[in-house]
Amino acid sequence: MNFCKQVIMLIFVGVMSFAFSACGDQAITETPEETIPKVLANLEQVKSMKSIITTQSDMTTAGSNSSVSTETEVAAIYHPLNMKIESKNTASNNNAVITYVEETDGIATTYMEYAGQWMKQSSEPDIILESLRMYDSKQNAILFLKNATNWQETEKNDTLGIFEGTLPASVLYEVVEDTKSLQVMGMAGLTKEYYEGAKDATIKVTVNKQTNTLVDYTVDLSNTLETLMSNVVNTFSNDAEEAELAKTTVNQYSLVVKYSDINEIKKIEIPKETLDNAVDFEKQIESSVIVETPKGENGEDLAVE
């Protein structure tokens with residue numbers, strides 16, 4: 001009797017092991033159409049994160065080549081809004097540019113150093129965040145992933161999956177302008193007609209398949225930037241010869257964003273020196289404006305109603 005029970009138990013364990021193994025295989029072989037929406041849903045729930053944003057450009061104009069990269073480290077808490085943004089540019093010998101944001105009682109204040117002086121400016125959190133949109137790694141990733149199509153998994157293992165998608169030319173104007181992806185190249189705020197002729201762009205994302213969280217993404221906007229620059233030059237050049245001389249070939253323009261410390265940041269401290277020495281930007285402008293009292297024919301002051 002005991003022997004029969006042992007046999008039945010072994011069969012039961014074997015069946016359950018097979019069932020759990022099958023479930024594991026199914027999770028690993030999940031399709032991009034199942035994985036990407038889960039990654040998006042998790043992104044939308046993110047309360048805080050760190051990211052490193054790297055832009056790499058390589059261009060040739062009139063036989064002269066220029067290569068520039070920027071790296072920006074961002075730490076962000078989204079409610080209440082609290083950020084630190086630190087940017088470095090390889091083309092500049094200056095120190096890193098640092099920006100802080102802190103929300104108190106529903107008002108967010110930005111602190112930025114300008115010519116050795118800390119300046120501050122306050123507004124509603126949504127307005128501040130929109131002004132810093134290029135560094136909003138959460139919303140920008142959401143916009144890219146929502147608009148990408150034709151996802152394919154190009155590499156995979158038990159932990160990570162690498163997916164490649166297409167950003168159709170028809171959505172580039174909205175996506176690139178909203179994410180401010182070309183702001184460092186001075187190509188933000190353009191109207192839709194300048195995007196005419198741009199081709200589809202490619203996006204690659206790395207996903208932690210066990211948690212369905214975004215590890216990093218890379219967007220290749222080389223063709224988009226070259227098209228915009230060409231269209232701008234053609235618009236403002238006096239003739240075809242001048243436009244040809246100013247023509248720029250974009251060998252590379254890529255945007256890479258890497259993520260870490262998701263939902264782990266509790267507080268971003270702003271140095272006391274910054275808080276104590278920051279000058280109110282708007283008050284500084286108001287104090288620098290000189291209002292002249294209107295004069296009469298004989299030089300007398302006239303009343304201003």
Side-chain angles (χ1 to χ4, degrees), residues 35-55 70-87 99-103 106-110 112 121 123-149 151 163 165-168 170-185 187-190 192 195 201-208 211-221 224 253-265 268:
T35 300
I36 299 300
K38 292 180 180 179
V39 175
L40 270 167
N42 285 332
L43 264 174
E44 290 170 344
Q45 298 302 315
V46 166
K47 294 179 173 59
S48 67
M49 61 165 56
K50 289 183 180 178
S51 58
I52 298 177
I53 305 168
T54 304
T55 62
T70 65
E71 182 177 287
T72 304
E73 297 182 17
V74 181
I77 300 172
Y78 290 98
H79 185 75
L81 188 61
N82 191 196
M83 300 178 74
K84 179 183 178 182
I85 304 166
E86 184 172 359
S87 297
T99 301
Y100 294 100
V101 181
E102 185 173 49
E103 178 184 347
I107 296 296
T109 302
T110 303
M112 179 180 290
Q121 187 172 16
S123 188
E124 296 177 9
D126 289 346
I127 294 175
I128 294 293
L129 197 56
E130 182 60 29
S131 71
L132 299 170
R133 183 58 188 269
M134 181 184 174
Y135 309 111
D136 187 351
S137 302
K138 173 183 173 179
Q139 290 302 323
N140 287 354
I142 290 172
L143 194 58
F144 277 124
L145 266 61
K146 278 186 175 180
N147 283 278
T149 60
W151 288 103
F163 300 86
T166 300
L167 287 165
S170 58
V171 304
L172 283 179
Y173 166 67
E174 176 186 349
V175 173
V176 174
E177 289 297 324
D178 283 355
T179 59
K180 302 292 188 290
S181 296
L182 298 178
Q183 183 170 307
V184 295
M185 305 305 298
M187 287 289 164
L190 296 178
K192 191 172 185 178
Y195 283 78
T202 302
I203 180 171
K204 291 183 179 180
V205 302
T206 303
V207 173
N208 184 320
T211 60
N212 286 315
T213 54
L214 187 61
V215 176
D216 60 54
Y217 72 82
T218 301
V219 181
D220 184 353
L221 293 173
T224 306
Y253 182 82
S254 60
L255 176 68
V256 182
V257 183
K258 298 182 178 181
Y259 297 87
S260 65
D261 298 280
I262 295 177
N263 293 329
E264 294 182 4
I265 308 174
I268 300 168

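Please read all numbers here as calculations on a predicted model, not as lab measurements.
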Non-hydrogen side-chain atoms of [X] and [Y] separated by less than 4.5 Å:
{"X": "E71", "Y": "I52", "value": "yes"}
{"X": "L43", "Y": "M49", "value": "yes"}
{"X": "F163", "Y": "V207", "value": "yes"}
{"X": "V184", "Y": "Y253", "value": "yes"}
{"X": "R133", "Y": "N140", "value": "yes"}
{"X": "V39", "Y": "L145", "value": "yes"}
{"X": "V101", "Y": "T109", "value": "no"}
{"X": "D216", "Y": "L214", "value": "no"}

Polar contact flag, side-chain donor to acceptor under 3.5 angstrom, N208-T213: no
Nearest heavy-atom neighbours spanning [X] and [Y]:
{"X": "S87", "Y": "T72", "result": "OG-OG1, 2.9 Å"}
{"X": "Q121", "Y": "I128", "result": "O-CD1, 4.3 Å"}
{"X": "I203", "Y": "A148", "result": "CG2-CB, 3.9 Å"}
{"X": "A201", "Y": "L172", "result": "CB-CD2, 4.0 Å"}
{"X": "T179", "Y": "S181", "result": "OG1-OG, 2.6 Å"}

Side-chain donor/acceptor of E177 to backbone N/O of G189, under 3.5 Å: yes
Side-chain donor or acceptor of E103 paired with backbone N/O of A108 under 3.5 Å: no
Residues that Y259 engages under ring-ring contact (aromatic ring centres under 6.0 Å, His included), provided they are two or more places apart: none
Can you list everything that forms a side-chain hydrogen bond (donor to acceptor under 3.5 Å, both in side chains) with [X]? Sequence neighbours excluded, please.
{"X": "D136", "answer": "Y78"}
{"X": "K38", "answer": "E30"}
{"X": "T55", "answer": "T70"}

Trace of the side-chain contact (heavy atoms from CB on, under 4.5 Å) decision for Y135 with T99: CA-CA 11 Å; Y135 309 111; T99 301; over 6 Å; no
Verdict with supporting geometry, V256 and I53, side-chain contact (heavy atoms from CB on, under 4.5 Å): CA-CA 6 Å; V256 182; I53 305 168; over 6 Å; no
Salt bridge (charged side-chain N to carboxylate O under 4.0 Å, His left out) partners of K204, counting only residues at least two apart: E164
Derivation and outcome, side-chain contact (heavy atoms from CB on, under 4.5 Å), residues I265 and I268: CA-CA 8 Å; I265 308 174; I268 300 168; 4.0 Å; yes
Criterion side-chain contact (heavy atoms from CB on, under 4.5 Å) on T202 and V219, from CA distance to verdict: CA-CA 6 Å; T202 302; V219 181; over 6 Å; no
Sequence neighbours excluded - side-chain hydrogen bond (donor to acceptor under 3.5 Å, both in side chains) pairs with any residue from residues 42-52: E44-K146, S51-S137
